[in-house]
Amino acid sequence: MRENALVAELESKLSSVIGDRTAKVLTDSFDIKTVGDLMRHYPRRYMVRGELSEISKLAEGDEVTILAEVFSSTNRPLRGRKGSIFEVAVTDGTDKLSLTFFNQAWREKELKVGRQGLFAGKVGIFNKKKQLAHPDYEMIPDGNDVDAAASSFAGKFLPVYPATAKMPSWKISKCVTMAIESLDEVEDFLPENIRSAHNYPNLHQALVQLHHPADLDSAESARERLTFDEAFLLQALLVMRRNELKKLNTASRKRIKGGLLDAFDQSLPFELTGGQRQVCTEIENDLAQDHPMHRLLQGEVGSGKTIVALRAMLAVVDSGGQAALLAPTEVLAAQHLRTFEKLLGPLAQGGMLGAEEKATQVVLITGSQSAPARKAALAMAASGNAGIIIGTHALLGEKVEFKDLGLIVVDEQHRFGVEQRDALKEKAQRPPHLLVMTATPIPRTVAMTVFGDLDVSTLRELPLGRQPITTHVICVMEKPTYLERAWQRIREEVAQGHQAYIVAPRIEAGSDANADIDFLFGTESSDIASVEELAPRLHSDQLAGLKMAMLHGRLSADEKESTMKAFAAGEIDVLVSTTVIEVGVDVANATVMVIMDADRFGVSQLHQLRGRVGRGTSPGLCLLVTNSLAETAARTRLDAVASTLDGFELSRIDLEQRSEGDVLGASQSGTQSHLRLLRVLRDEELIEAARKDAQDLIATSLDLTSYPALKKELNAMQRNMAVDYLDKG
Ligand code: ADP
Ligand code: MG
């Protein structure tokens, strides 16, 4: 125990319990400023003393901790690519073991020859040698640091912290010990009944136990409690935000008998699916309320979200308002305009001579349109003559005004941040209704975390008569002749009057814009298929005689637009394209897609891409071409895509391979910085429980007036999120 009776709170400055110099290093390295920040710098794992393994007895795949001495180290560059491998040999007298680190030569400062340390990780075999790749370790401090050694080795469980060269794990451990010694009893913000229902330790216990566990069980229950906290606070915030929205007042946009929507329904050439009908009813009910709708529509690729959105927009126009549709690309915005005009027919010719009285007008606003076209569209939006306004980011521009914006639809939500959504909301006279759509189906708990303040509608069903897409993986290394067969399949489909896509990862060959990716994938730039190399080559050989065109992001908006139009009109047989066609593109006559170097794309991306075929009544075929051999990780992903058409399942596989930041999406960085322990895929049950607890609690105490500590915690969290958000911008 320390002599001075200094008492610290979580909010206290770190320098009040440890030296200024050390505090500064912690701030610089980890942004740790307060005692609370340090307490929440959680150990990654523990080294268990007394349960050490002998190197000679290690077997591949074992999770081990060993005590050993460094006897040599080398840093060598990788052959033929960027980066280096830092390799350290250690021995415990029974055998040798090698430790490897990628691009971390700085560790040489810690892993000095002659020093002892504890090393933990999973045993692998490389070149017949046993090794630990990127092990966690805890060096035993040199003799001149006996104090530190004593304190950090006092317990049986040594916490291993995320560390840097300047701030090694044992030093952090020492600082944490000092912080704990001076820490006053921490007030628990989690309501007592919730805490006891889950049998969690209180907050003070949990924080101390996680750093200094008596045994692994108590570490585990501390971790569980703190993980739950993260889920609970976030859900409480989202539930409250939702309640706030419900309190806002806005114009209700009720469906009108004999209006546009009725006329549209009568002219619709097909029946809505059961799923579409149900979602449309949910939306109609929302729109009829006098507080804004806040709904996410997620759906399987090709499930028909556009019609659902259009029907909502028509209901709003019927009630005298306007609706805006925000699309992520010009290709999509232009396609939406064509689709709407086609579906609405005379109903979109408002203002024209002889048009029906209830007819409206649809306009497009994009960044690349000509000045006169833009001026006309802006005027139509401002006057209210245009009931439906479709646009890209250009919709957010200063000059864009509406007469009475009642509904915002955001297509392909993942391409937009909350900021953009809000920028458009500002243009409405009253809080507008909001419908966001995502083409990438996401697992429930991810939706709950990322979109927790939205109501969720889901379309799983595809329209009747839709033929399933067949997907095959073609490995060029294993079966070189199969690629020829793929080109032949394209010829066959075209001969039957159908159309094809060929997708390549690159616009042009050998551009090294993706050199880093090449390194990760172990391929050379020049090996990767490109649109500009592939199209002419196929055109002069395997696909000679077919009408072909190229589509990629470097073309002007006009070129893209005219190419897409020609393809949609059937004037082009084969479109060779980059992923600009990834989402949304809808040409029902296209039946086959060949994706070159398919291993370069993510699982969800491939699912999206292949969703471009099989959208009509003819079966779709998707061929994934790759050089990856069977049983490699890349090949496993491709086989997964080929094995199922379930977008939810594929999205889960995709997300499992990503970092948590990626799972939540860049626009959620504010949220993410609050999630240290929580993993949205792994912790499903916990998130569900936390959401329920938050809902129940807030139902009994709407403003949390009976829970001041919780309210304080939520306010602090909200403030931090706002700061993160500003930092980012
Ligand atoms: P997504 O959900 O992927 O955005 P779309 O809205 O583009 O899908 O719809 C895919 C295709 O299915 C479009 O050509 C659309 O006209 C058509 N479609 C939508 N609903 C139905 C339906 N109920 N019956 C038949 N075809 C439909
Ligand atoms: Mg779509």
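Numbering of ligands and ligand atoms starts at 1, following listing order.
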Peer 1: If we count only N and O atoms by modelled type, under 3.5 Å, do the side chains of Arg460 and Ser303 hold a donor and an acceptor together?
Peer 2: no
Peer 1: May I ask you to identify the nearest protein heavy atom to atom 9 (O) of ligand 1, giving residue, atom name and distance to one decimal place in Å?
Peer 2: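 Here the nearest protein heavy atom works out to Gly304 CA, 3.5 Å.
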Peer 1: Between Tyr501 and Leu609, is the side-chain contact (heavy atoms from CB on, under 4.5 Å) condition met? List the steps.
Peer 2: CA-CA 10 Å; Tyr501 296 100; Leu609 279 169; over 6 Å; no
Peer 1: Have Gln298 and Thr438 got a donor and an acceptor in their side chains that come within less than 3.5 Å?
Peer 2: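 Side chains of Gln298 and Thr438: no pair found under 3.5 Å.
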Peer 1: May I ask you to identify, for Arg615, whether its side chain, its backbone, both or neither come under 4.0 Å of ligand 1 on a heavy-atom basis?
Peer 2: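 For Arg615, the contact with ligand 1 is made by the side chain alone.
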Peer 1: Under a plain distance cut-off of 3.5 Å, with no hydrogens placed, do Thr591 and Glu493 share a side-chain donor-acceptor pair?
Peer 2: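 Distance-only check passes for Glu493 and Thr591.
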Peer 1: Provide, to 0.1 Å, the distance between atom 21 (C) of ligand 1 and the closest protein heavy atom, together with that atom's residue and name.
Peer 2: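 Going atom by atom, the protein heavy atom closest to atom 21 (C) of ligand 1 ends up being Phe270 CE1, 3.3 Å.
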Peer 1: To the nearest 0.1 Å, how far is atom 3 (O) of ligand 1 from its closest protein heavy atom, and which atom is that?
Peer 2: Gly302 N, 2.7 Å
Peer 1: So, 4.0 Å and heavy atoms of Ser303: is ligand 1 close enough to count as a contact?
Peer 2: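 For ligand 1, residue contact (heavy atoms, under 4.0 Å) with Ser303 is present.
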Peer 1: As an exercise, identify every atom of ligand 1 less than 4.0 angstrom from a heavy atom of Thr273.
Peer 2: 23 (N)
Peer 1: With no hydrogens and no angle check, just 3.5 Å: does a side-chain donor-acceptor pair link Asp455 and His294?
Peer 2: no
Peer 1: Could you check whether Arg610 and Thr471, counting side-chain N and O atoms only, form a donor-acceptor pair closer than 3.5 Å?
Peer 2: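 Indeed, the side chains of Thr471 and Arg610 share at least one donor-acceptor pair under 3.5 Å.
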Peer 1: Are the side chain of Asp597 and the backbone of Val625 linked by a donor-acceptor contact shorter than 3.5 Å?
Peer 2: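 No: the side chain of Asp597 does not pair with the backbone of Val625.
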Peer 1: Going by the atom numbers of ligand 1, which of them fall below 4.0 Å from some non-hydrogen atom of Thr306?
Peer 2: 4 (O), 5 (P), 6 (O), 7 (O)
Peer 1: Quick one: which ligand 1 atoms are inside 4.0 Å of a heavy atom on Glu271?
Peer 2: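 Heavy-atom distances to Glu271 below 4.0 Å select 22 (C), 23 (N), 24 (N).
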Peer 1: Report the nearest protein non-hydrogen atom to atom 20 (N) of ligand 1: residue, atom name, distance rounded to 0.1 Å.
Peer 2: Gln276 NE2, 3.0 Å
Peer 1: Can you tell me which portion of Asp586 lies within the under-4.0 Å heavy-atom range of ligand 1? Options are side chain, backbone, both, or neither.
Peer 2: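 The answer is the side chain of Asp586.
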Peer 1: Would Val301 count as a polar contact of ligand 1, with the cut-off being nitrogen or oxygen pairs under 3.5 Å?
Peer 2: no
Peer 1: Applying a 4.0 Å heavy-atom criterion (strictly less than), which segment of Arg466 is in contact with ligand 1: side chain, backbone, both, or neither?
Peer 2: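 Contact part for Arg466 vs ligand 1: side chain (C-beta onward).
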Peer 1: Under a 4.0 Å threshold between the charged nitrogen and the carboxylate oxygen, would Arg466 count as salt-bridged to Glu461?
Peer 2: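 The answer is no: the pair does not qualify as a salt bridge.
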Peer 1: With distance as the sole criterion, is a donor-acceptor pair present between the side chains of Ser556 and Glu559 under 3.5 Å?
Peer 2: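 The criterion, which ignores hydrogens and geometry beyond distance, is satisfied for Glu559 and Ser556.
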Peer 1: What atoms in ligand 1 come closer than 4.0 Å to a heavy atom of Leu272?
Peer 2: 23 (N)
